[in-house]
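Heads up: the structure comes next, in structure tokens.
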Amino acid sequence: MNNKKPVIAVIVILVLVAAAFGGWKWYQSQQNSELTLYGNVDIRTVNLSFRVGGRLAALEVDEGDAIKTGEPLGLIDKAPYENALRQAEANVAAAQAKYDLIIAGYRDEEIAQAAAQVNQAQAAYDYAQNFYQRQQGLWATKTISANDLANARSSSDQAKATLKAAKDKLSQYRSGNRPQEIAQAQASLQQAKAQLAQSQLDLQDTTLIAPSDGTLLTRAVEPGSMLNAGSTVLTLSLTRPVWVRAYIDETNLGQAKPGSELLIYTDGRPDKPYHGKVGFVSPTAEFTPKTVETPDLRTDLVYRLRIIVTDADDALRQGMPVTVKFNGGSQHEQQ
């Protein structure tokens with residue numbers, strides 16, 4: 001009986017050791033397992049158009065061409081916009097001259113002429129007033145008619161009004177232009193300058209410039225076509241930066257933290273992965289797209305990932321299917 005106890009104890013110890021070893025192996029297998037996702041290189045396109053309308057004079061590129069940032073791609077007939085620019089320049093010159101004239105005020109010669117007109121009007125008024133007074137004396141003695149007296153009074157009033165107008169004009173010349181007139185001339189000048197700036201911008205916009213690097217996908221029109229502002233002329237597929245769109249389920253969502261590094265495989269180079277990192281994780285769930293091959297059901301709710309490829313080259317084409325692995329035991333592949 002006593003011999004059985006050591007045997008039982010040994011068996012129990014062996015069972016515990018086996019259980020512990022099995023748990024350790026299971027833990028290791030979980031640590032070394034790789035989370036694999038499937039996605040595509042994201043297709044991002046830009047529809048290019050002119051900001052002004054007109055006749056398309058030239059297109060410098062064709063479908064499939066590699067495009068560089070700042071490269072001229074097409075040209076609208078410049079003639080109407082060059083004419084508008086010259087008109088705007090003339091309007092600015094005229095407005096500037098008018099503004100300078102108002103700021104400068106009246107010349108000494110104009111002031112002297114206005115003063116002479118005041119003296120002339122004063123003399124005419126003095127004569128008319130004296131004549132009226134004489135006519136009043138004659139009217140008192142009944143020497144003249146009432147009509148003669150009325151005519152003398154009317155001539156005196158007219159001379160007085162002419163004198164007042166001459167004095168007002170002289171006062172205006174001596175004090176200069178009113179602030180409201182100066183403000184109006186300044187506003188007209190600013191309006192002309194704004195129109196000139198717009199004309200310059202319109203002329204600049206007759207050349208279509210590539211906004212970024214890419215590959216030309218579509219050439220929608222040909223030279224000679226009449227275009228409205230905003231009409232699509234070319235479609236550009238952007239090449240940098242390169243993103244991969246993939247989807248992950250909620251169970252593994254914790255592994256997809258922004259900045260997490262991962263490996264990206266293509267069918268063309270299965271032994272030489274690209275490197276990337278998680279750049280964006282969608283905050284909302286959606287159904288798995290039909291274009292994504294996953295080992296789970298297509299109706300599962302998943303979260304969209306944007307993965308930035310850090311070592312992309314020309315072999316990584318947009319729309320290409322890729323396999324994404326959150327490396328557990330593949331650290332040696334990164335090195």
If only atom types and distance count, is the side chain of [X] paired as donor or acceptor with the main-chain N or O of [Y] below 3.5 Å?
X: T310; Y: H275; value: yes
X: Q195; Y: A88; value: no
X: D77; Y: A57; value: no

Atom pair [atom1]/[atom2] of [X] and [Y] - distance to nearest 0.5 Å:
X: D313; Y: Y274; atom1: CG; atom2: OH; answer: 3.5 Å
X: N47; Y: S231; atom1: CG; atom2: OG; answer: 11.5 Å
X: E60; Y: L216; atom1: CD; atom2: CG; answer: 12.5 Å
X: I308; Y: K277; atom1: CD1; atom2: NZ; answer: 6.0 Å
X: Q184; Y: E181; atom1: CD; atom2: CD; answer: 7.5 Å
X: L73; Y: F50; atom1: CG; atom2: CZ; answer: 8.0 Å

Original post:
Just checking, any donor-acceptor pair under 3.5 angstrom between side chains of D202 and Q198?
Top reply: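 The criterion, which ignores hydrogens and geometry beyond distance, is satisfied for Q198 and D202.
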Could you tell me which non-hydrogen atom of [X] sits nearest to which non-hydrogen atom of [Y], and how far apart they are?
X: A220; Y: T232; value: CB-O, 3.7 Å
X: A185; Y: I102; value: CB-CD1, 3.6 Å
X: Q255; Y: S260; value: O-OG, 3.5 Å
X: Q129; Y: S156; value: OE1-OG, 2.6 Å
X: L236; Y: L48; value: CB-CD1, 4.2 Å
X: L85; Y: Q200; value: CD1-CG, 3.5 Å

Kindly indicate whether the side chain of [X], heavy atoms from C-beta on, has any atom under 4.5 Å from the side chain of [Y].
X: R317; Y: V41; value: no
X: L35; Y: I248; value: yes
X: R55; Y: I76; value: no
X: L196; Y: N91; value: no
X: N40; Y: P321; value: yes
X: Q135; Y: N151; value: no
X: L203; Y: K78; value: yes
X: R304; Y: R245; value: yes

For the hydrophobic clusters of this structure (ILVMFWY residues joined by side-chain heavy atoms under 4.5 Å, transitively), does one cluster hold both [X] and [Y]?
X: Y303; Y: I307; value: yes
X: V46; Y: L208; value: yes
X: I144; Y: F131; value: no
X: L217; Y: L59; value: no
X: V244; Y: L253; value: yes

**OP:** May I have the step-by-step check of side chain to side chain contact (heavy atoms under 4.5 Å, CB included) for V278 and F326, ending in yes or no?
**Re:** CA-CA 10 Å; V278 177; F326 287 75; 4.2 Å; yes
**OP:** Only one of L263, T323, I264, V324 passes side-chain contact (heavy atoms from CB on, under 4.5 Å) with P273; say which it is.
**Re:**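 Output: one option passes, namely L263.
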**OP:** Any chance you could lay out the side chain to side chain contact (heavy atoms under 4.5 Å, CB included) test for Q120 and T162, step after step, and finish with the verdict?
**Re:** CA-CA 10 Å; Q120 183 179 2; T162 301; over 6 Å; no
**OP:** May I ask you to decide whether D157 forms a salt bridge with R153, counting only side-chain N to carboxylate O separations under 4.0 Å?
**Re:**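 The answer is no: the pair does not qualify as a salt bridge.
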Crowding at [atom1], [X] (>12 non-hydrogen neighbours, <6.0 Å):
X: D62; atom1: CG; answer: yes
X: E71; atom1: CD; answer: yes
X: F280; atom1: CZ; answer: yes
X: Q136; atom1: CD; answer: yes

